[in-house]
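The structure appears below as structure tokens.
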Amino acid sequence: MELEDQWWRGQLATDIYQALRYKELKLPSYKGQSPQLNLRRYYADLIAVVSNHFRLCPAARHLAVYLLDLFMDRYDVTEQQLAVVSLSCLLLASKFEEREDQVPKLETLNSLGCISSMNLILTKQGLLHMELLLLETFQWNLYLPTAAHFIEYCLSIAIHEGDLHDGWPLTCLEKSKLYMAKYADYFLEVSLQDHVFLCFAPSLLAAACVAASRLVLHLSPTWPPQLQRLTGYTWENLVPCAEKLLIAHDSDVREANKQKCQQQQQQQMVYHSSGQTATVAQCLHRPSLQYPQQANHRSASYLSHSTTSLPAPNGPQHSSTQAISASLDPKSNLTNRAYQVSMHYTCAAPCFDR
């Protein structure tokens, strides 16, 4: 987004944040009672895939998924209609959050492989009819804050030069901020994967994404006073949400390590069967490791706080929607561990060079 749109850097940042906090108090209630709830994950991924293709801002993507959640919660939507509903939610959200030239065009939507694979042909009349139904459902009010609307405000001071990494001063503040932004974006996308995160206020979810990122990056203090003052949340407020995010993170780490081991075993089999080593060119063209967004959540003890495990979606699987950049994502090298509140990690995080 352009500099003038970065409200969190302006003089009115505090006032805008408080206005968003006030608005989130009036968000519609979510009961999680849709008969098609098991399909929710698939169509949330569809929204993410299409929004990434058109390079829409995170606020548009998160608003679209939120509109889908609310609509499914109120209506018994058939599986054939869910695709049109999902794309209509994305169109409305992009019209509300993006510039006009960024809004996806009908012809381009119909040309996407993910649309044609569903044997779906979108029509202008059908989309307009669905958009009108959505607007009437929400009483023409799309001013619905999501965690994506709060995350940049939290990130504005998420890293401070006085922070410590494993008890040592930071060697590069700008590099640390890049890692923080990548991890916060990862946790923000994790929150889209399961409707359980809708039980948390969007501002709290955004703060929990930053707190979880600081934990994974071994930064101390975990929740410094300046972040508590900025967000208005204490560490105790964030623990339940941060724990769910970290459970999903560790599940992704285990799955990524599992895939990495499988790839290594396959490479060894090829090596032994061929009797020769792979060339440098072959190694360079091997696909990089991707981290699937579908997490197989299991109960665990985190942050000295016990919660139940997240329900795993039973709907159809879809491709990963937004893989974290391999150059800035060290998750596959992290060991599986519990995250404690008051301790220094004995294992050095590989994401900082010293």
Side-chain angles (χ1 to χ4, degrees), residues 1 34 36-73 75 77-135 137-138 142 144 146-149 151 185-195 197-198 290-295 313 315-325:
M1 298 182 68
S34 171
Q36 289 79 28
L37 199 56
N38 63 319
L39 299 175
R40 182 255 183 205
R41 167 62 194 277
Y42 179 87
Y43 290 101
D45 278 356
L46 175 64
I47 288 176
V49 168
V50 177
S51 65
N52 288 339
H53 177 83
F54 289 99
R55 298 182 179 180
L56 302 180
C57 64
R61 179 166 64 255
H62 281 254
L63 177 58
V65 175
Y66 187 48
L67 293 176
L68 175 64
D69 283 326
L70 293 177
F71 191 81
M72 289 179 61
D73 203 43
Y75 292 94
V77 187
T78 65
E79 185 174 351
Q80 292 75 18
Q81 293 174 318
L82 273 175
V84 179
V85 172
S86 303
L87 295 172
S88 298
C89 289
L90 181 60
L91 288 174
L92 276 181
S94 61
K95 290 175 182 178
F96 187 77
E97 296 288 349
E98 288 281 8
R99 300 187 303 269
E100 183 178 357
D101 59 346
Q102 286 291 107
V103 177
K105 301 299 187 292
L106 177 61
E107 297 77 10
T108 312
L109 280 173
N110 278 323
S111 66
L112 295 180
C114 59
I115 304 299
S116 58
S117 64
M118 295 186 291
N119 295 322
L120 177 65
I121 299 179
L122 302 171
T123 64
K124 182 177 181 181
Q125 182 179 2
L127 288 175
L128 289 177
H129 180 269
M130 187 57 66
E131 287 183 20
L132 182 60
L133 177 58
L134 287 166
L135 288 171
T137 299
F138 302 116
L142 298 183
L144 305 171
T146 68
H149 293 91
I151 193 68
D185 182 67
Y186 163 76
F187 282 117
L188 196 64
E189 295 307 306
V190 165
S191 70
L192 285 182
Q193 306 307 309
D194 203 308
H195 68 279
F197 290 102
L198 289 172
Q290 300 295 317
Y291 298 97
Q293 295 293 339
Q294 174 64 34
Q317 301 298 313
H318 203 272
S319 59
S320 174
T321 59
Q322 188 173 3
I324 304 299
S325 171

>> Is a donor from one side chain sitting under 3.5 angstrom from an acceptor on the other, for His149 and Glu97?
In response: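 There is such a pair between these side chains.
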>> Which residue in the set Leu144, Leu198, Thr137 passes side-chain contact (heavy atoms from CB on, under 4.5 Å) when paired with Leu70?
In response: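 The passing option is Leu144.
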Taking side chain as C-beta onward, heavy atoms only, is [X] less than 4.5 Å from [Y]?
| X | Y | value |
| --- | --- | --- |
| Leu112 | Val49 | no |
| Leu142 | Leu135 | yes |
| Met130 | Leu91 | no |
| Leu39 | Leu82 | yes |

Please round to the nearest 0.5 Å and tell me the distance separating atom [atom1] of [X] and atom [atom2] of [Y].
| X | Y | atom1 | atom2 | answer |
| --- | --- | --- | --- | --- |
| Gln80 | Leu120 | CD | CG | 10.5 Å |
| Phe54 | Lys105 | CZ | NZ | 8.5 Å |
| Thr78 | Gln36 | OG1 | CD | 7.5 Å |
| Phe138 | Leu133 | CZ | CG | 9.0 Å |
| Glu98 | Leu63 | CD | CG | 11.5 Å |
| His62 | Leu56 | NE2 | CG | 12.0 Å |

List the atom of [X], the atom of [Y], and the distance in Å for their closest heavy-atom pair.
| X | Y | value |
| --- | --- | --- |
| Leu188 | Ala147 | CD1-CB, 3.6 Å |
| Tyr43 | Ser86 | CB-OG, 3.3 Å |
| Asp194 | Arg40 | N-NH1, 3.4 Å |
| Arg61 | Ala48 | CD-CA, 3.7 Å |
| Ala64 | Ala93 | N-CB, 3.7 Å |

> For Asp69, does its backbone N or O pair with a side-chain atom of Asp73 as donor and acceptor, under 3.5 Å?
Replying inline: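 It does not hold such a pair.
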> Is a donor on one side and an acceptor on the other found under 3.5 Å between the side chain of Asn110 and the backbone of Ile121?
Replying inline: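 Here the side-chain-to-backbone pair does not exist.
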